[in-house]
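All of these numbers come straight from a predicted model, not from anything done at the bench.
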Amino acid sequence: MLYQLSYTPVRFHRSKAGPTRNPPQLPTPPAGGCSSTRIPGSAAPASPAAAPQTGTTPRSGRTPASGTSSPRPPCLPTSAAAPTGCARRYPPVITIDTPGGALQHPHPRTHRRLEPILRSMHSPRHLLSSADLSAEETAYLLDLAAALKRRPQKVLVGRHLALLFEKASLRTRVSFEIAMDHLGAFTMYLDPREVGLGEREAIRDVSRVLARYVDIVAVRTYGQSIIEEYARFSSIPVINALTDEEHPCQALADLLTLREHMGDLRGRSLAFVGDGNNVSTSLVITATALGMDVRIASPPGYQLPEWAISEASARAAASGGSFRHTTDPVEAVRGAEALYTDVWTSMGQEREAERRKIDFAAYQLNAALVAHAKPGAFIMHDLPAHRGEEITDDVFESPHAIIFDQAENRVWAQAAVVAFLLGADRSIER
């Protein structure tokens, strides 16, 4: 949505009846408008073809990835035929970039004072679910990540990211901190004992406080409802750094890794064997959006949630890909070009560990199962791995394993997400 604000001076005349408004009559601007400018430090506008479609629906009302929303609006055009002195009679347009698009204000002397107000009028863009990204945005983020990996660019100097974590982390914390350093920004880590999200202090209060201090927040927590409540009260972008239901940053890193090794992903096959958990949910939603042939095999009772199956199926239909879910691991991996697995017991499920070892025994990624895949199939795991459970040591150490490439690419995928949500993606040279 574009907010077009006009500036009309108002004169007050005092009389016995009190002050009255007497706005002056201003002449009509010439055809084509006046010269335009942007606030200091703002990125130059891109052509509509340079940025992907934005404006996805929230988690509560998802739609398939074939949305028809418009790209971010460019700055108002400059008319070469504008008469001399136009800029003096008609103030230049000030364009203020926000995560959701550009806000325009035509009076340069007041833009610094109005900028925070204008930004607050424009809802921030969040990444809470892989379904929040359209197919075009997913491909666009992979392009940004690849560009930043080739040449890191400090497009977020002076900006701040807060890491609000309730779950332990190695890759997520380090990769976000390194990503922000490459972008020229600062990172602060908030220990769960310091914050007490939802216990020591209400989620909505923490959200509004941090929005006054930093520019963007990455939340790593338990239930998806926690991060959704946090985002509902946040006036700055919020990134899902992992919940029990989804892990969108991991999925982007995984697809970036596959694209590095396979090239164009349309029509390429990927099989996931294991739990229908947060990692597999985000993976199938992201991969089907790019036209991949995606299969997943899980034991009965451990399959993907229904909404994820519906979302992946709709995205596959829109992109020309395919999606299958089954309980037979051999059927899933047969002829696949990449094989993916994850731990059988995730954080918070430790009491179920022994039962899960029994239920998942036939779903181990071992040499016998890999033999059904395409020769030279890539081996993937998001880590940490429990060697001897979901994957054998020889498969993990296979020359075809790209596991540590996935871990490395967390840095660049997350750098792209942060730059995109803060509107700095236009400044990245690709």
Side-chain angles (χ1 to χ4, degrees), residues 129-131 222-224 242-248 250-251 254-255 258 268-289 292-317 321-374 377-392 395-396 403 406:
S129 164
S130 293
Y222 292 91
Q224 185 77 12
L242 179 140
T243 63
D244 291 343
E245 287 79 14
E246 289 209 53
H247 201 352
Q250 179 67 55
D254 295 336
L255 271 294
L258 283 175
R268 308 305 290 265
S269 53
L270 167 66
F272 185 95
V273 178
D275 193 11
N277 59 10
N278 51 3
V279 170
S280 57
T281 293
S282 289
L283 180 69
V284 301
I285 291 173
T286 307
T288 52
M292 295 191 73
D293 169 18
V294 182
R295 314 92 171 262
I296 179 170
S298 305
Y302 297 97
Q303 294 179 310
L304 291 170
E306 284 300 323
W307 76 263
I309 294 173
S310 298
E311 181 73 23
S313 300
R315 286 173 172 246
S322 62
F323 175 67
R324 284 181 287 165
H325 57 101
T326 178
T327 57
D328 184 355
V330 174
E331 178 187 347
V333 307
R334 186 175 288 117
E337 298 170 275
L339 308 180
Y340 199 129
T341 191
D342 189 17
V343 294
W344 294 341
T345 305
S346 299
M347 285 182 286
Q349 299 173 335
E350 288 77 12
R351 293 184 178 181
E352 306 173 25
E354 293 305 315
R355 180 69 213 176
R356 284 172 171 264
K357 287 179 182 179
I358 298 172
D359 294 340
F360 283 89
Y363 295 81
Q364 184 185 66
L365 198 58
N366 52 35
L369 186 59
V370 172
H372 293 280
K374 184 177 180 178
F378 296 112
I379 305 300
M380 305 180 71
H381 196 301
D382 59 294
L383 299 175
H386 296 166
R387 304 187 189 207
E389 291 186 12
E390 75 275 2
I391 188 169
T392 57
V395 173
F396 187 94
I403 295 169
Q406 294 172 256

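- Partners of E389 by salt bridge (Lys or Arg N to Asp or Glu O under 4.0 Å), not counting sequence neighbours, listed by chain and number: K357.
- A distance of 7.0 Å separates CG in L339 from CG in L369, rounded to the nearest 0.5 Å.
- Considering only heavy atoms from C-beta on, H325 stays 4.5 Å or farther from V284 through its side chain.
- A donor-acceptor pair is defined here as one N or O able to donate and one able to accept, closer than 3.5 Å; such a pair exists between the side chain of E245 and the backbone of Q224.
- Residues Q364 and I391 come closest through the heavy atom pair CG-N, 4.2 Å.
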Step by step, work out the side chain to side chain contact (heavy atoms under 4.5 Å, CB included) result for R268 and L258. CA-CA 10 Å; R268 308 305 290 265; L258 283 175; over 6 Å; no
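- In terms of heavy-atom proximity, S269 sits nearest to A336 at OG-CA, 3.4 Å.
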Could you please spell out the steps behind the side chain to side chain contact (heavy atoms under 4.5 Å, CB included) verdict for L304 and S298? CA-CA 8 Å; L304 291 170; S298 305; 5.8 Å; no
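- Considering OG1 of T345 and CZ of R351, their distance stands at 14.0 Å, rounded to 0.5 Å.
- Within the 4.5 Å cutoff, side-chain heavy atoms of R324 are placed close to those of D293.
- Proximity of a side-chain donor or acceptor of Q349 to a complementary backbone N or O of S346 within less than 3.5 Å is detected.
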Stepwise, does the side chain to side chain contact (heavy atoms under 4.5 Å, CB included) test hold for T327 with Y363? CA-CA 9 Å; T327 57; Y363 295 81; 3.9 Å; yes
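- Put simply, the side chain of F396 does not reach to within 4.5 Å of the side chain of L365, judged on heavy atoms.
- Contact detail for P248 and S129: the closest heavy-atom pair is CB-C, 4.2 Å.
- Residues M380 and L270 meet the side-chain proximity criterion, which asks for heavy atoms closer than 4.5 Å.
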Go through it in stages, so that I can follow the logic: the residues are I403 and L383, the test is side chain to side chain contact (heavy atoms under 4.5 Å, CB included), and I'd like the CA-CA distance, side-chain angles, deciding distance and then a yes or no. CA-CA 8 Å; I403 295 169; L383 299 175; 3.7 Å; yes
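- A heavy-atom distance below 4.5 Å is found between the side chains of L242 and N278.
- Atoms OH and CG, from Y340 and D254 in turn, are 3.5 Å apart once rounded to the nearest 0.5 Å.
- Just one of E331, R295, Q303 meets the side-chain hydrogen bond (donor to acceptor under 3.5 Å, both in side chains) condition when paired with T326; it is E331.
- Going from atom CG of D342 over to atom CG of D382 covers 4.0 Å, rounded to the nearest 0.5 Å.
- Looking only at atom types and distance, the side chain of T341 has no donor-acceptor partner in the side chain of E390 under 3.5 Å away.
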Worked check of ring pair (Phe, Tyr, Trp, His ring centres under 6.0 Å) between F360 and Y302: CA-CA 9 Å; F360 283 89; Y302 297 97; 4.7 Å; yes
Report the C-alpha distance between T281 and E246 in whole Å, list the side-chain angles of each, state the deciding distance to 0.1 Å, and finish with yes or no for side-chain hydrogen bond (donor to acceptor under 3.5 Å, both in side chains). CA-CA 6 Å; T281 293; E246 289 209 53; over 6 Å; no
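- Take S310 and apply the side-chain contact (heavy atoms from CB on, under 4.5 Å) test, not counting sequence neighbours, and it matches no residue.
- Residue A297 comes nearest to D328 through the heavy atom pair CB-O, 3.7 Å, listed as atom of the first residue, atom of the second, then distance.
- Taking each heavy atom of A377 and A338 in turn, the nearest pair found is CB-N, 4.4 Å.
- The side-chain heavy atoms of F323 and I309, taken from C-beta on, include a pair separated by under 4.5 Å.
- Taking the side chain as every heavy atom from C-beta outward, N277 and W344 never approach each other to under 4.5 Å.
- Contact annotation: the side chain of R315 approaches that of I285 to within less than 4.5 Å [non-hydrogen atoms, C-beta and beyond].
- Contact record, I379 with Q406: O-OE1, 4.4 Å, taken as the closest heavy-atom pair.
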